[in-house]
*Asks:* 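Below is the structure I would like to discuss, written out as structure tokens.
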Amino acid sequence: MTHGIDPLDLAKALIAAPSVTPATGAAFDVLEGALTSFGFAVERFIDGIEPDGPVENLLAVRRGKGPVHFGFAGHLDVVPPGVGWSGDAFVPEVRGELLYGRGAVDMKGAIAAFVAAAAATPAEAGTISLIITGDQVTDAQASYDENGRRSLVPTGEPDEIVECDDVLMAIGQENAFPWIEPDCGIEFDRWGLPKLDETTLQSTLPHVFFGGDAAFGPKNIIWAVAHGHDAAISIDLFLRGEDIAVRPAPNMSMSSQKMGIHEWSYDNEVSLANRFKVPWADANKALANIRVEVELGFDPQTAWHEAQRCLNCDVQTVFSAPACIECDACADICPTDCISFVPDGPEEELRTRLRAPALNTSQDLYVSVPLKTGRIMVKDEDVCLHCGLCAERCPTGAWDMRKTLIEMARAGAAPRVSVEAA
Ligand code: SF4
Ligand code: SF4
């Protein structure tokens, strides 16, 4: 036998019972009334202590036949309404085909839909349970255990509402490894994540490696790509019977960008152009067909203009003390006065004697060995624009603009070559 519960009526009744975190009393009364009307045994209990509790909860069970047991976990509390409501957030209102009210989506509407579905399910289909809490939303702070693992602990502070136009969710995926046999040799930690060597990504089962969100929990795609490279190196070394802990070093090179006295292989002119817009495909075509690329990309000329905005932060000022004749021309031309030729001294005192005092102590100074007159060259990296004027002006090439290129090691023959060379 089944029973009829109107999910819309139940959702409206739940919304009309205000339950800004934590939910208590009225909202639970509504839910209990609905569940007991078609055979659920309801237990309500209060649990927890300050600052996380006490929290009101509800456990409802309708026993059925057979081994099937379907559970639903949810919460009745809602975040405060905030601004932008055209009516009372706790007076439910149907407009067109939509139900408006705080909690209509998260998650009183979902609870009402589940209760209606349970009411329409014959009791003999199996056992159904609901575990509903009154405080799912809470402020939390990071806590670290003895192994440096992070967990979130509720602070007990009231909720903070941040108004946003758009929210971009840039998070990874939670893990679940129910398909890995517990006795296969792969050990998991208390978070359900595999125990791994952080460098090699090797698990406790030596020929199994993990990467991406599956390795250390949700991160982003950049981590996933890096893990892919590192795991590939490990697997390659492992298959060849070599020590996977001996990692190949990345290749790093620096090359001068000088082509002539005033000529550089990179463009150091400051571009004041705003960001160029990427042209889009016609909206009618893009919306009609999911395979149509929305962003069409720049044409060659716009791409060139866009590239001119690059700050060339891979090009650095490099100083060669033996070549310097201490003419001070570079210090004269530097637009930010960040080059000084001064007697050496303790850093704290030295910072106060520069052409422009270097007050940001979190940024290191670039300091040369003593020059022929006994002075040293000091450059305040904090304010250098990397404009290259010093290198352009220097008559001896003591200043040079050099491009740094770091090439990460890859799997294959290269790792062994660089390990042997190291
Ligand atoms: S690159 Fe430009 S800002 Fe930096 S030290 Fe040289 S002249 Fe000064
Ligand atoms: S311009 Fe060149 S030679 Fe002259 S002080 Fe600067 S680094 Fe030295």
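Computed from a predicted model, the values in this text were never measured in an experiment. In each ligand, atom 1 is the first atom listed, and ligand 1 is the first ligand listed.
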*Asks:* How many N, O or S atoms of the protein are nearer than 2.8 Å to atom 6 (Fe) of ligand 1?
*Replies:*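 Near atom 6 (Fe) of ligand 1, the number of protein N, O or S atoms below 2.8 Å is 1.
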
*Asks:* When you measure from atom 5 (S) of ligand 2 to every protein heavy atom, which one gives the shortest distance, and what is it?
*Replies:*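 Checked against all protein heavy atoms, atom 5 (S) of ligand 2 sits closest to Asp328 N, 3.2 Å.
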
*Asks:* Does a salt bridge link Asp29 with Arg44, judged by any charged N lying under 4.0 Å from a carboxylate O?
*Replies:*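 The answer is yes: the pair qualifies as a salt bridge.
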
*Asks:* Is there a side-chain contact between Leu365 and Glu381, using heavy atoms and a 4.5 Å cut-off?
*Replies:*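 Counting from C-beta outward, Leu365 and Glu381 never come under 4.5 Å.
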
*Asks:* Report the nearest protein non-hydrogen atom to atom 8 (Fe) of ligand 2: residue, atom name, distance rounded to 0.1 Å.
*Replies:*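 Nearest protein contact, heavy atoms only, for atom 8 (Fe) of ligand 2 is Cys324 SG, 2.4 Å.
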
*Asks:* So, taking the atom named CG in Leu14 and the one named CD1 in Ile111, what distance separates them when rounded to the nearest 0.5 Å?
*Replies:*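 If I round to the nearest 0.5 Å, the distance is 6.5 Å.
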
*Asks:* Quick one: are Cys334 and Lys379 in side-chain contact, heavy atoms under 4.5 Å?
*Replies:*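 A side-chain contact under 4.5 Å is absent here.
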
*Asks:* Check whether Asn57 reaches the backbone of Val55 with its side chain - one donor and one acceptor, N or O, closer than 3.5 Å.
*Replies:*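 Pair found, side chain donor or acceptor close to backbone of Val55.
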
*Asks:* For ligand 2, which atoms have a heavy atom of Phe341 less than 4.0 angstrom away?
*Replies:*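 Matching atoms, with element in brackets: 5 (S), 6 (Fe).
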
*Asks:* Between Arg102 (side chain) and Pro80 (backbone), is there a donor-acceptor pair under 3.5 Å?
*Replies:*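 Yes, the answer is positive, given that a donor and an acceptor are paired below the 3.5 Å cut-off.
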
*Asks:* Can you list the atoms of ligand 2 that are under 4.0 Å from a heavy atom of Thr396?
*Replies:*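 Near Thr396, meaning under 4.0 Å from one of its heavy atoms, ligand 2 has 3 (S).
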
*Asks:* Considering only the protein, which heavy-atom contact is closest to atom 4 (Fe) of ligand 2, and what is its distance?
*Replies:*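 In this structure, atom 4 (Fe) of ligand 2 has Cys327 SG, 2.3 Å as its nearest protein heavy atom.
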
*Asks:* Look at Asp314 together with Lys403 and state whether they make a salt bridge at an N to O cut-off of under 4.0 Å.
*Replies:*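 Yes, charged N to carboxylate O under 4.0 Å.
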
*Asks:* Could you tell me whether Asp328 and Arg375 make a salt bridge, using a distance below 4.0 angstrom between a side-chain N and a carboxylate O?
*Replies:*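 Yes, this pair counts.
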
*Asks:* Can you tell me which portion of Met377 lies within the under-4.0 Å heavy-atom range of ligand 2? Options are side chain, backbone, both, or neither.
*Replies:*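 For Met377, there is no contact with ligand 2 at all, from either part.
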
*Asks:* Determine, for Tyr100 and Arg95, whether the Lys NZ or Arg CZ falls below 6.0 Å from the six-membered ring centre while staying within 45 degrees of the axis.
*Replies:*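 So Arg95 does make the cation-pi contact.
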
*Asks:* Counting non-hydrogen protein atoms only, what is the nearest one to atom 2 (Fe) of ligand 2? Give residue, atom name and distance.
*Replies:*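 Sorting protein heavy atoms by distance from atom 2 (Fe) of ligand 2 puts Cys394 SG, 2.3 Å first.
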
*Asks:* Parallel, tilted or perpendicular: which one describes the rings of Phe72 and Phe114, with boundaries at 30° and 60°?
*Replies:*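 Phe72 vs Phe114 ring planes: parallel.
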
*Asks:* Go through ligand 2 atom by atom and flag the ones less than 4.0 Å from a non-hydrogen atom of Pro395.
*Replies:*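 Listed by number with element: 1 (S).
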
*Asks:* Could you tell me whether Arg351 and Glu348 have a side-chain N and a carboxylate O separated by less than 4.0 Å?
*Replies:*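 Salt bridge: no.
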
*Asks:* Identify, by atom number and element, the atoms of ligand 2 in contact range of Phe319, meaning under 4.0 Å from any of its heavy atoms.
*Replies:*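 Matching atoms, with element in brackets: 7 (S).
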
*Asks:* So which protein heavy atom does atom 3 (S) of ligand 2 come closest to, and at what separation?
*Replies:*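 That would be Ile325 N, 3.5 Å.
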
*Asks:* Is it true that Arg393 lies under 4.0 Å from ligand 2, counting heavy atoms only?
*Replies:*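 No, Arg393 has no heavy atoms under 4.0 Å from ligand 2.
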
*Asks:* Any atoms of ligand 1 less than 4.0 Å from a non-hydrogen atom of Thr336? List them with their elements.
*Replies:*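 This gives 3 (S) as the contact atoms.
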
*Asks:* Please state whether the rings of Trp179 and Phe177 are parallel, tilted or perpendicular, taking 30° and 60° as the class boundaries.
*Replies:*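 Perpendicular.
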
